[in-house]
Amino acid sequence: MNNIVIAKFGGSSLASSEQFRKVKDIVFGNENRRYVVPSAPGKRFSKDYKITDLLYLCHQHAKNDIPFEDVFKLIEERYTSLAKELDVEIDLKKHLDEIKTKIADGASADYTASRGEYLNGLILAGYLGYTFVDAAEVIRFKTNGALDLEATQKLVEERMNGIERAVVPGFYGATPNGTIKTFSRGGSDVTGAILARCLHADLYENWTDVSGFLMADPNIVENPKPIEIVTYKELRELSYMGARVLHEESIFPIRDVCIPINIRNTNRPEDKGTLIVADDGESQNYSGAITGIAGKKDFVVITIQKMLLNSEQGFCRKLLSILESHDVSFENMPSGIDSVSLVIEDTQLEDKLEDILEEIKKHCNPDSIEVSPNMALIATVGKGMARAKGVASKVFKGLAEADVNIRMINQGSSEINIIIGVENDEFEKAFKAIYKAFEN
Ligand code: ASP
């Protein structure tokens with residue numbers, strides 16, 4: 001144990017001085033919370049603006065020679081009142097003037113957007129009494145835009161040497177010549193993960209406005225249960241199918257070093273949240289056979305039939321090279337003895353479908369091709385299902401009882417999910433039925 005916890009706070013956790021106070025209580029509630037990563041201030045209420053959005057807007061305006069002073073004023077006001085209400089002594093005017101001048105002089109979108117985290121980091125560091133460490137000094141990108149983890153590791157070790165407690169703004173870093181570069185939107189999550197790795201943290205806490213992941217989408221299922229513990233792999237399956245809380249790239253920096261991530265709720269710090277653990281990690285707490293359900297609509301399924309397909313060599317290669325030549329990727333490829341189906345996102349096919357079908361006919365000589373549009377996929381995910389009996393039967397019984405017609409079945413070879421395909425119209429009904437089947 002290194003007694004180091006990285007605590008990352010999202011935009012809604014730092015949207016107002018009231019939220020900053022909650023953050024302070026949380027940070028001071030555990031002396032191991034030594035390195036804090038803030039996002040830029042988010043929305044205080046539903047019609048409010050996120051600072052990052054306003055900054056991108058300033059950049060767009062400046063680029064198109066449209067005055068951006070009015071938008072910038074909103075940003076100035078947010079930070080000025082935060083510093084004032086929190087009693088933080090900081091020369092904000094100097095920073096804000098410098099940023100404004102740089103935007104007017106044509107600063108990049110990345111530089112402009114990154115200032116949201118930068119300023120919030122300065123205020124938070126002052127408020128907590130922590131050292132401010134600019135992310136540009138420690139998060140290193142290669143000139144081609146990819147993260148340079150090795151260089152970052154070295155810089156973090158050097159810069160943090162002797163610094164007991166620090167605030168490092170999320171979302172950005174710099175290339176070797178100092179040019180500021182950001183991750184994609186929501187990227188402060190990634191900064192937190194990188195620091196957790198480089199500082200050999202015991203835990204990466206990600207504080208947000210929900211108490212972790214839920215077993216199902218609350219817009220479809222009423223009051224779904226929270227997920228207490230989930231493995232990296234399960235999370236990948238669930239988030240790919242639409243469950244969102246954490247930036248997808250946050251897992252990669254810490255996966256091989258097995259640092260757990262705890263998603264927590266700043267507004268309900270008493271909740272345990274969701275713990276994301278290594279794939280072979282602490283599974284003794286694992287309860288029940290499934291972890292969660294996630295799904296997506298709007299797929300097209302192309303089913304190709306051909307007698308003796310199982311003994312024909314190179315069939316799938318030909319099929320997939322046709323997709324490749326059209327820049328189309330597939331989601332799933334369930335197969336039978338004499339048939340194979342390709343499940344493809346609707347949006348990828350738009351004006352390509354006709355040509356693809358023609359080429360399949362020409363090069364693969366199938367007996368028939370059937371196209372089923374408007375299909376939805378639902379994944380029932382659970383690491384435990386490889387060991388537990390009766391998981392599939394619960395899924396199918398639940399669907400039969402709800403009178404849902406299953407159009408496709410696929411169990412990923414990792415044996416941590418069962419994917420079923422239904423018509424878009426039956427998506428919600430099927431989703432609810434599967435959740436109900438596992439409710440108790
Ligand atoms: N502020 C950035 C965004 O809104 C990054 C983040 O919040 O993680 O995307």
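Sequential numbering from 1 along the given sequence is applied to the chain's residues. Computed from heavy atoms alone, side chains included, the values below leave out hydrogens, waters and symmetry copies. All ligand and atom numbering here is 1-based and tracks the order in the structure.
Separation of atoms CG (D209) and OG1 (T266) is listed at 8.0 Å; rounding is to 0.5 Å.
Residues of the protein with a heavy atom under 4.0 Å from ligand 1 are S39, K50, T52, E117, F171, R185, G186, G187, S188, listed by chain and number.
Within the structure, salt bridge (charged side-chain N to carboxylate O under 4.0 Å, His left out) pairs that include any residue of residues 66-87 comprise D48-R78 (at least two apart or interchain).
In this model, a donor atom of one side chain and an acceptor atom of the other lie less than 3.5 Å apart for N424 and D298. Looking only at atom types and distance, the side chain of N265 has no donor-acceptor partner in the side chain of E270 under 3.5 Å away. A donor and an acceptor atom, one from each side chain of S108 and D110, are nowhere located under 3.5 Å apart.
Both the sub-6.0 Å distance and the 45° axial angle are not jointly satisfied by R197 relative to the ring of Y204.
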